[in-house]
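Numbers here simply count residues along the sequence, with the first being 1.
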Amino acid sequence: MTGFSRRHFLALAGSAPLVGAFPFFARAQTPPDIAAPAATHGIAIYGDLKYPAGFPHFDFVRPDAPKGGDLRLATIGSFDSLNPFIYLGDPAVAAAAIYDTLTVQSPDEPFSEYGLLAEAITVGPDRAYVEFALRPEARFHDGTPVTAADAVFSLNVLRDKGAPFYGAYYANVAKAETSGDHLVRFTFGTGGNRELPLILGQLPVLPAHWWEGRDFGRPSLDVPPGSGAYRIGAVEPGRGITIERLPDYWGRDLNVNRGRDNFDRIRYDYYRDETALFEAFKAGAVDVRQERVARLWATAYDFPAVRDGRVKKLELPDNTPAGMQAYVINTRRPKFQDRRVRQAIGLCFDFEWSNKALFFDAYTRNDSYFANSEMAATGLPEGDELALLEPFRDRLPGEVFTEVFELPVSDGSGRDRRLLLKARDLLREAGYRVVDKKLVDETGEQLSIEFLLFDVTFDRITDPFVQNLQFLGIAAGVRSVDQSAYINRLNDFDFDMVVGSFPQSLSPGNEQRDFWGSAAADAKGSRNLIGVKDPVVDALIDEVIFAESRQALVTACRALDRVLSWGFYVVPHWYVAVTRIAAWDRFGRPDTAPEYGTGFPDTWWFDPEKAAKAGG
């Protein structure tokens, strides 16, 4: 799973000790010689939970962290909606942070969750269903109780009217039922999906009463009541949004909330471009920024506040899979449906030159859809992985079984003639020829490629790529648009190539359907930007989702990785195994960070004494 994808990184979490039995569904039908499923305080996809019932707090927090102060963050673009669950509109960055979920994921375990809105969880035999007993004290911000009916409403409205992601994510939920106000059961169409109970735990519970008479499928700036530690405060459409901590938040004393949600207010300002945002950070108007650009990290942080220690540069270890960032090729377009054409395009991108000339040798090439993890395919398929792939041999490229997938390594010149000649040969095999310095097909039409961008950061990286494509006779160019137009064109799959990102977690699962599944290929707004429609890929996705053990999951992911890689659907980018954060020295943070995260911002706190010294 990749987590709740449209939710902001504020994890509004909570849990409490399990203190007794609950009246679960169909308990009377359980034969007397078969033990009824036990209710627990948490659930793990494989193995045991790290934290026992009644644990006082997570290990990565300071439980007595002080509350108060402001945190000022920033982002690029604009927004026109407070509904982050649909693909229409541009939702505000913090719009999902106001909702509690049934459970909260522990970032110092591979994939475990503990109750938040739910005080107890029961998983049926063969994981055929999951039940959540909701906390009677849980409240929305308008004082209305959070009920099981709200959970059922949330599932249904997200599947029916939400972004296509939700349809794929909850595809195996056959039925949602309530028993009284505080018990909800989700029954699955197929048993054996180890991830699905945890996926249901990530369900954001929305206020059914507030949505009566409103159209969930349309963007809106109406402020809904959430149930989490923060509510929406000041809203300036397109300019900024503030979320405010509720002193009387119903879950403030839950054990996994201790030491978290420490700021009184978190403000997000919107800027039109990175230059303006960075200048605001240098001036002290933005407190913290995550630096994505290696060149800036190496050269731009040489201003007085850095030199005198008022701004700290942090490189926090990142132990999570890197996933795949890449130039994505839209295979819905006939000109890109030949695998040889896609491979040739990839040969024109000189990563080694870019890394040396633009990135200060800071990056590693992203050679896997599960990079930086044990799930990345290596060597040739053998053992269980080979057995998994063997039934599809006649439908896969022969190289899947006979060659180790490796990305080309250039001479670093920016125009490696050896690789460009190989690209030319592949294009010839695909039926193209050069006429008057133009690469044309059998009808005389020139091959054209338009890179659709909205982030100027990628201009300097894409331009040399375009020049190499032009060298082969391809009519290549860049079209830059504003964020709204960019999102609309992505949702409609109206592009040749874009920069895309497919994040992965330590336990991939149902989200793979939205990334590569055939059903998502034609669903507007889905994350299958490539347009993959391959029964073999669909079958391997099911192997990932229904893996019965950690080893079976790793095997299925390696097989899927191998098949996607040999499809040449993307031109892979790069990754770095740290998170680069620059922060004005106004904050405290715990001594221990979670193994699979940075702890920012939910475990940090405002320090008035540091803030007075930092100024700005």
Colleague: Looking at R62 and D64, is there a salt bridge between them, counting it only when a charged N and a carboxylate O are closer than 4.0 Å?
Modeller: yes

Colleague: Check the orientation of F79 and Y270. Use parallel for under 30°, tilted for 30 to 60°, and perpendicular for over 60°.
Modeller: tilted

Colleague: Below 4.5 Å, heavy atoms only, C-beta onward: do D222 and L82 meet side chain to side chain?
Modeller: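 Not in contact.
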
Colleague: Answer yes or no: is there a side-chain heavy-atom contact under 4.5 Å between Y99 and P224?
Modeller: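 Y99 reaches P224 side chain to side chain.
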
Colleague: With distance as the sole test, does D538 use its side chain to make a donor-acceptor pair with the main-chain N or O of S518 at under 3.5 Å?
Modeller: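 Pair found, side chain donor or acceptor close to backbone of S518.
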
Colleague: Taking the six-membered ring for Trp, are F60 and Y596 ring centroids under 6.0 Å apart?
Modeller: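 For F60 and Y596, the ring centres are not under 6.0 Å apart.
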
Colleague: Before you tell me yes or no, could you show the steps for F263 and R245 under side-chain contact (heavy atoms from CB on, under 4.5 Å), namely the whole-Å CA-CA distance, both residues' side-chain angles and the distance that decides it to 0.1 Å?
Modeller: CA-CA 7 Å; F263 296 103; R245 186 172 60 83; over 6 Å; no

Colleague: Taking the side chain as C-beta and beyond, is there a heavy-atom pair between D522 and K533 under 4.5 Å?
Modeller: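 Result yes, sub-4.5 Å side-chain heavy-atom pair found.
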
Colleague: For residues E177 and T187, determine if any side-chain heavy atom of one lies less than 4.5 Å from a side-chain heavy atom of the other.
Modeller: yes

Colleague: What heavy-atom pair brings G217 and I86 nearest, and what distance separates the two atoms?
Modeller: O-CD1, 3.5 Å

Colleague: In Å, rounded to the nearest 0.5 Å, how long is the span from CG of L183 to CD of E131?
Modeller: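 Between atom CG of L183 and atom CD of E131 there are 5.5 Å.
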
Colleague: Taking R127 for its side chain and R194 for its backbone only, find out whether a donor-acceptor pair lies under 3.5 Å.
Modeller: yes

Colleague: Indicate yes or no: does K524 engage D492 in a salt bridge with an N to O separation below 4.0 Å.
Modeller: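 Salt bridge present between K524 and D492.
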
Colleague: Looking at every heavy atom in both Y249 and S227, which two are closest together, and how far apart are they?
Modeller: CE1-O, 3.2 Å

Colleague: Flag the pair R258 and D253 as a salt bridge only when some basic side-chain nitrogen lies within less than 4.0 angstrom of an acidic carboxylate oxygen.
Modeller: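 Salt bridge flag = no for D253 with R258.
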
Colleague: Contact between L200 and V173 at the side-chain level, heavy atoms closer than 4.5 Å - yes or no?
Modeller: yes

Colleague: Could you walk me through whether R289 and L73 pass the side-chain contact (heavy atoms from CB on, under 4.5 Å) check?
Modeller: CA-CA 7 Å; R289 65 178 266 118; L73 303 176; over 6 Å; no

Colleague: Please report the closest heavy-atom contact between Y271 and A74, naming both atoms and the distance.
Modeller: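 Minimum heavy-atom separation between Y271 and A74: CE1-CB, 3.7 Å.
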
Colleague: If we ignore hydrogens and angles and just use 3.5 Å, is the side chain of N510 paired with the main-chain N or O of Y169 as donor and acceptor?
Modeller: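 Checking the backbone N and O of Y169 against the side chain of N510, a donor-acceptor pair under 3.5 Å is found.
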
Colleague: When you measure from the centre of the six-membered ring of W605, is the NZ or CZ of R589 closer than 6.0 Å and no more than 45° off the axis?
Modeller: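 No, cation not above the ring by the 6.0 Å, 45° rule.
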
Colleague: What's the separation between atom CG in L71 and atom CG in D602, rounded to the nearest 0.5 Å?
Modeller: 11.0 Å

Colleague: Decide whether a cation-pi geometry holds between R550 and Y46; the criteria are a distance under 6.0 Å from NZ or CZ to the six-membered ring centre and an angle within 45° of the ring axis.
Modeller: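 Not satisfied by the 6.0 Å and 45° rule.
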
Colleague: Backbone N or O of A133 within a donor-acceptor pair of the H182 side chain at under 3.5 Å?
Modeller: no

Colleague: Is any side-chain heavy atom of L117 closer than 4.5 Å to one of T101?
Modeller: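 A side-chain contact is absent here, since even the closest heavy-atom pair is not under 4.5 Å.
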
Colleague: Any heavy-atom pair between the side chains of L490 and L529 that's under 4.5 Å?
Modeller: yes

Colleague: Is it true that K67 and N262 share a donor-acceptor pair across their side chains at a distance under 3.5 Å?
Modeller: yes

Colleague: Mind checking the NZ-CZ spacing from K175 to F188? Nearest 0.5 Å is all I need.
Modeller: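 One gets 12.5 Å once the value is rounded to the nearest 0.5 Å.
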
Colleague: Are K50 and E595 within salt-bridge range, i.e. N to O under 4.0 Å?
Modeller: no

Colleague: Would you say the side-chain atoms of N255 pair up with the backbone N or O of P56, donor to acceptor, closer than 3.5 Å?
Modeller: no

Colleague: For the CG atom of N488 and the OH atom of Y87, what is their distance to the nearest 0.5 Å?
Modeller: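 The distance works out to 9.5 Å.
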
Colleague: Can you check whether T103 reaches I43 side chain to side chain, under 4.5 Å on heavy atoms?
Modeller: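 A side-chain contact is absent here, since even the closest heavy-atom pair is not under 4.5 Å.
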
Colleague: Would V130 and L196 satisfy side-chain contact (heavy atoms from CB on, under 4.5 Å), going step by step from the backbone distance to the final call?
Modeller: CA-CA 9 Å; V130 64; L196 203 48; over 6 Å; no

Colleague: So, for L206 and D150, which heavy atoms are closest and what is the spacing to 0.1 Å?
Modeller: O-CB, 3.5 Å

Colleague: For the residue pair T147 / D181, report whether a side-chain donor-acceptor contact shorter than 3.5 Å exists.
Modeller: no

Colleague: At their closest point, which heavy atom of L88 faces which heavy atom of R218, and how far apart are they?
Modeller: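 So the minimum-distance heavy-atom pair works out to CD1-NH1, 3.5 Å.
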
Colleague: For V532, is there any backbone N or O sitting under 3.5 Å from a side-chain donor or acceptor partner on N528?
Modeller: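 Yes, N528 side chain to V532 backbone: donor-acceptor pair under 3.5 Å.
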
Colleague: Report the C-alpha separation of W516 and F502 in whole Å, then their side-chain angles, then the decisive distance to 0.1 Å, and conclude whether the ring-ring contact (aromatic ring centres under 6.0 Å, His included) test is met.
Modeller: CA-CA 10 Å; W516 340 108; F502 305 96; 4.8 Å; yes

Colleague: Can you name the closest pair of heavy atoms from A97 and I243 and give their distance?
Modeller: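 Scanning both residues completely, I find the closest heavy atoms to be CB-CD1, 4.3 Å.
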
Colleague: Roughly how far apart are Y486 OH and N491 CG, rounded to 0.5 Å?
Modeller: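 Rounded to the nearest 0.5 Å, the OH-CG separation comes to 11.0 Å.
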
Colleague: Keeping D561 on the side-chain end and Y369 on the backbone end, is there a donor-acceptor pair under 3.5 Å?
Modeller: yes

Colleague: Between the side chains of N83 and S81, is a donor N or O closer than 3.5 angstrom to an acceptor N or O?
Modeller: no

Colleague: Below 30° counts as parallel, above 60° as perpendicular, anything between as tilted: where do the rings of Y114 and H41 land?
Modeller: tilted

Colleague: Does the side-chain contact (heavy atoms from CB on, under 4.5 Å) test come out yes or no for E113 and Q202, once each step is laid out?
Modeller: CA-CA 9 Å; E113 293 177 358; Q202 298 169 351; 3.3 Å; yes

Colleague: Among L254, V146, L116, D100, which one satisfies side chain to side chain contact (heavy atoms under 4.5 Å, CB included) with R135?
Modeller: L254

Colleague: When rounded to the nearest 0.5 angstrom, what distance separates CD1 in I241 from OH in Y268?
Modeller: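 So the gap between those two atoms works out to 9.0 Å.
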
Colleague: Within 45° of the six-membered ring axis of W210 and under 6.0 Å from that ring's centre, is NZ or CZ of R214 located there?
Modeller: yes

Colleague: Within the side chain of R159, is there an N or O that forms a donor-acceptor pair under 3.5 Å with the backbone of Y170?
Modeller: yes

Colleague: Is a side-chain donor-acceptor pair under 3.5 Å present for Q512 with Q504?
Modeller: yes

Colleague: Is the backbone of T144 close enough, under 3.5 Å, to the side chain of H209 for a donor and an acceptor to pair up by distance?
Modeller: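 Between the backbone of T144 and the side chain of H209 there is no qualifying donor-acceptor contact (under 3.5 Å).
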
Colleague: Any donor-acceptor pair under 3.5 Å linking the side chain of D90 with the backbone of Q483?
Modeller: no

Colleague: Should the pair F587 and F606 be assigned to parallel (<30°), tilted (30 to 60°) or perpendicular (>60°) ring geometry?
Modeller: perpendicular

Colleague: May I ask you to check whether E109 and Y51 show a side-chain donor-acceptor distance below 3.5 Å?
Modeller: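 No pair is found: no donor N or O on one side chain lies under 3.5 Å from an acceptor on the other.
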
Colleague: Strictly below 4.0 Å, N to O, side chains only: are R586 and D287 in salt-bridge contact?
Modeller: yes

